[in-house]
Chemist: 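Got a structure here, written out as structure tokens. Questions coming.
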Protein chains: 2
Amino acid sequence: MKNVPLATVERVAKYLRCLNRLREKGIKVVSSKELAEHTRTSPEQVRKDLSYFGRFGKTGTGYDTQKLSRKLERILKAQRKWNVCIIGAGSLGSALARYQGFKDTGYNVVALFDSDPEKIGEKMGQAEVYDIENFKDVVKKKDIKMAILAVPKESIEEIEELLSKANNIRGILNFVPVTIKLKTRRKVAIIDVDLAQKLYILSYLIKRGREMT
Amino acid sequence: MKNVPLATVERVAKYLRCLNRLREKGIKVVSSKELAEHTRTSPEQVRKDLSYFGRFGKTGTGYDTQKLSRKLERILKAQRKWNVCIIGAGSLGSALARYQGFKDTGYNVVALFDSDPEKIGEKMGQAEVYDIENFKDVVKKKDIKMAILAVPKESIEEIEELLSKANNIRGILNFVPVTIKLKTRRKVAIIDVDLAQKLYILSYLIKRGREMT
DNA sequence: GGCTGTGAAGGAATTCACAGCC
DNA sequence: GGCTGTGAATTCCTTCACAGCC
């Protein structure tokens, strides 16, 4: 397993989702062509992507959905059930806590954080809302490794402060339309999800008459 | 304006967001270096990206935030105020309707759709919830060009049907963790936002010790 | 000195083309 | 015939390096 392109990892996550769906439907075998159609890519791409991790297919037949999905799961989540928290229990935060796509991924939302006393103690999805004051403690106790940011952008600086100090947190999924900056030496992976940006890109694709993911 | 890389367009949307923020703060001029820091990329990248569209900077000084933001807006087609709808007025749909990142983007959420009679007529964010039965009519009347999908995955097939027939819809932002497929000849741009996938990628980045967007 | 803009070089990701297998 | 796996070719994207300007 040499240097895997990031783009490949992104697609592999898609293949996995697709395979699980096929398995649910009772489909046992799938070809690279079919998998490509379901994930909007090319058969060659599928095969090349998979080849980074090993040889999973049967020549002339295709891939065993069950086996392949197990393999990909292992590859993607490094077989670790990571705990995740959501910061901000407003409408977006609570929606994310209930998001059905997290099911069967190995990621568990185990806590939300907010400063509103009204919300503290409330249950959202599987998790409870904690006082943001206790952030560091709860993160430690619950062994939380990743945070999803869904606060209003006005309070982002306060949260940056908090995250800079919480040494457990190693990854951040940021929904706040602001580029965050941590004051820390340790490496923290950050992915920004800017929904407005997605709309811009959609317009661009429409103009160009293309599709994408 | 030759063939612009998609990656460039994605970053340009980020620059725009950043510029608007700087303008709000009263900052008049910004260098490629500063812009790069705010968007987690390199100064060369910023300059190269912008150079696809023209020459906007002043040598030795930097970029006029106001002017540049106007230019980028035009490039991204933000000056066309496209109307957007959200299909599914559950927790995610209603959160998206209220999402603050859509402000000042040129995109307006003008309608939500749901089948739950309880919700129909309710106001969420700026928009009202309409009966999904009237989808085609409302889309036409309100001149809606893009749809955001936030329905439970069980009802996705029904929605695919609907979207296949609504000729106005030219772009789809899909939050349902399923690859959608339209039965139509016309070109529809689709962007999938799979949040579970983002978490997988986050783990991958953490393991690799990198950052990204 | 500090900055932009851009060809050229380098690196990364995708597509091609075909060998090998059932 | 239909499929996988993969080096080679190609296309796409980023980084370098420097010319030109204030």
Side-chain angles (χ1 to χ4, degrees), chain A residues 1-15 19 22 27-65 67-69 71-72 75 201 204-205 208 210-213, chain B residues 1-15 19 22 27-65 67-69 71-72 75 201 204-205 208 210-213:
Chain A
M1 190 157 129
K2 353 157 206 194
N3 215 20
V4 182
L6 180 60
T8 290
V9 180
E10 298 189 353
R11 281 188 301 265
V12 167
K14 265 192 123 178
Y15 302 152
L19 284 165
L22 293 172
I27 293 167
K28 297 278 182 217
V29 174
V30 69
S31 70
S32 60
K33 184 159 168 275
E34 292 166 313
L35 207 42
E37 275 165 17
H38 283 100
T39 52
R40 288 194 209 104
T41 182
S42 67
E44 302 88 334
Q45 188 73 79
V46 171
R47 297 201 299 273
K48 172 68 72 173
D49 284 339
L50 296 177
S51 79
Y52 281 104
F53 305 102
R55 314 161 125 233
F56 308 118
K58 262 205 177 55
T59 326
T61 322
Y63 302 88
D64 180 310
T65 52
K67 255 192 232 160
L68 184 57
S69 107
K71 292 277 187 189
L72 297 188
I75 289 161
I201 296 164
Y204 174 83
L205 294 175
R208 282 282 189 288
R210 278 197 258 158
E211 255 189 7
M212 74 142 331
T213 293
Chain B
M1 192 156 127
K2 354 157 203 193
N3 215 20
V4 182
L6 181 59
T8 290
V9 180
E10 298 190 351
R11 280 188 302 265
V12 167
K14 264 192 124 175
Y15 303 151
L19 286 165
L22 293 171
I27 294 168
K28 297 277 182 220
V29 175
V30 68
S31 69
S32 59
K33 186 160 167 272
E34 292 165 313
L35 207 43
E37 276 166 16
H38 283 101
T39 53
R40 290 195 206 102
T41 181
S42 68
E44 301 88 335
Q45 187 74 79
V46 171
R47 297 201 299 273
K48 172 67 67 169
D49 284 340
L50 296 177
S51 80
Y52 281 104
F53 305 102
R55 313 161 125 235
F56 308 119
K58 261 206 177 55
T59 325
T61 323
Y63 302 89
D64 180 308
T65 52
K67 253 191 236 162
L68 184 56
S69 109
K71 291 278 188 189
L72 297 189
I75 289 160
I201 296 163
Y204 172 84
L205 294 174
R208 281 281 189 291
R210 279 196 259 158
E211 255 187 6
M212 76 141 329
T213 293

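Both backbone and side-chain heavy atoms feed into the values below; hydrogens, waters and symmetry mates do not. Chain identifiers are assigned alphabetically (A, B, ...) following the order of the sequence lines, protein sequences preceding nucleic acid strands; residue numbering begins at 1 within each chain. Owing to the predicted nature of the structure, the values given are computational and were not obtained by experimental measurement.
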Chemist: Side chains of B/Y15 and B/L50: closer than 4.5 Å at any heavy-atom pair?
Modeler: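 The answer is yes, as the side chains (C-beta and beyond) meet within the 4.5 Å cut-off.
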
Chemist: Can you tell me how far the OG1 atom of B/T41 sits from the CG atom of B/L35, to the nearest 0.5 Å?
Modeler: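 With rounding to 0.5 Å, OG1 (B/T41) is 9.5 Å from CG (B/L35).
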
Chemist: Starting at OH of A/Y52 and ending at C1' of C/dA12, how long is that distance when rounded to a whole Å?
Modeler: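 Rounded to the whole Å, the gap is 9 Å.
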
Chemist: Please report the shortest heavy-atom distance between B/R47 and B/S32, naming the atom on each side.
Modeler: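 Where B/R47 meets B/S32 most closely, the heavy atoms are NH1-OG, 3.2 Å.
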
Chemist: NZ of B/K58 versus P of C/dG5: gap in Å, rounded?
Modeler: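 Value for this atom pair: 11 Å.
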
Chemist: Between A/L68 (CG) and D/dT4 (P), how many Å, whole number?
Modeler: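 Rounded to the whole Å, the gap is 11 Å.
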
Chemist: Whole angstrom is fine here: how far is it from CG in A/D64 over to C1' in D/dT4?
Modeler: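 Taking CG of A/D64 and C1' of D/dT4, I get 15 Å after rounding.
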
Chemist: Taking B/T65 for its side chain and B/I27 for its backbone only, find out whether a donor-acceptor pair lies under 3.5 Å.
Modeler: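 Present.
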
Chemist: May I ask you to say what B/K33 touches in the nucleic acid, namely base, sugar-phosphate or nothing, with a heavy-atom cut-off under 4.0 Å?
Modeler: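 Contact class for B/K33: none.
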
Chemist: Nucleotide by nucleotide, 5' to 3', does protein get under 4.0 Å of the base (B), only the sugar-phosphate (S), or neither (-) in nucleotides 17-22 of chain D, counting heavy atoms?
Modeler: B--BBS

Chemist: If you check every side-chain atom of A/R55, which of C/dT4, D/dT14, D/dG5 has the closest atom?
Modeler: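 Shortest atom-to-atom distance from the side chain points to D/dG5.
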
Chemist: Looking only at heavy atoms, what is the nearest atom pair of B/A36 and B/S42, with distance?
Modeler: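 In this case the closest contact between B/A36 and B/S42 is CB-C, 3.5 Å.
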
Chemist: Could you check A/K48 against B/Y63 and say which one's nearest nucleotide on DNA chain C is further toward the 5' end?
Modeler: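 Per heavy-atom nearest nucleotide, the more 5' residue is B/Y63.
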
Chemist: Check every atom of D/dT4, C/dT4, D/dT14 against the side chain of B/T8 and return the nucleotide holding the closest atom.
Modeler: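 When the side chain of B/T8 is considered, D/dT14 is the closest of D/dT4, C/dT4, D/dT14.
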
Chemist: Run the side-chain contact (heavy atoms from CB on, under 4.5 Å) check on A/L6 and B/L205 step by step: do they pass?
Modeler: CA-CA 9 Å; A/L6 180 60; B/L205 294 174; 4.1 Å; yes

Chemist: CD of A/E10 versus P of C/dA12: gap in Å, rounded?
Modeler: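 The answer, rounded to whole Å, is 16 Å.
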
Chemist: Whole angstroms only, please: what is the CZ-P distance between A/F53 and D/dG5?
Modeler: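 Those two atoms, CZ and P, are 14 Å apart.
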
Chemist: Could you walk me through whether B/V12 and B/Y52 pass the side-chain contact (heavy atoms from CB on, under 4.5 Å) check?
Modeler: CA-CA 11 Å; B/V12 167; B/Y52 281 104; over 6 Å; no

Chemist: A/L50 CG to C/dA13 C1': how many Å, rounded?
Modeler: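 The distance from CG of A/L50 to C1' of C/dA13 comes to 16 Å, rounded to the nearest Å.
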
Chemist: Answer yes or no: is there a side-chain heavy-atom contact under 4.5 Å between A/I201 and B/E10?
Modeler: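 Side chain of A/I201 against side chain of B/E10, heavy atoms only: contact under 4.5 Å found.
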
Chemist: D/dT15 phosphate, OP1 or OP2: any side-chain N/O from B/Q45 under 4.0 angstrom?
Modeler: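 For B/Q45, the contact criterion (side-chain N or O under 4.0 Å from OP1 or OP2 of D/dT15) is met.
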
Chemist: Requiring both pairing distances under 3.5 angstrom, list the stems that contain DNA chain C and are made of three or more consecutive Watson-Crick or G-U pairs.
Modeler: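 Stems for DNA chain C, defined as runs of 3 or more consecutive pairs: C:1-22 with D:1-22.
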
Chemist: Return the value, rounded to whole Å, for the distance between atom CG of B/L35 and atom P of C/dG2.
Modeler: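 Whole-Å distance recorded here is 19 Å.
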
Chemist: Would you compute the distance between atom CG of B/L72 and atom CZ of B/F56 and round it to the nearest 0.5 angstrom?
Modeler: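 Atom-to-atom, B/L72:CG and B/F56:CZ are 6.5 Å apart.
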
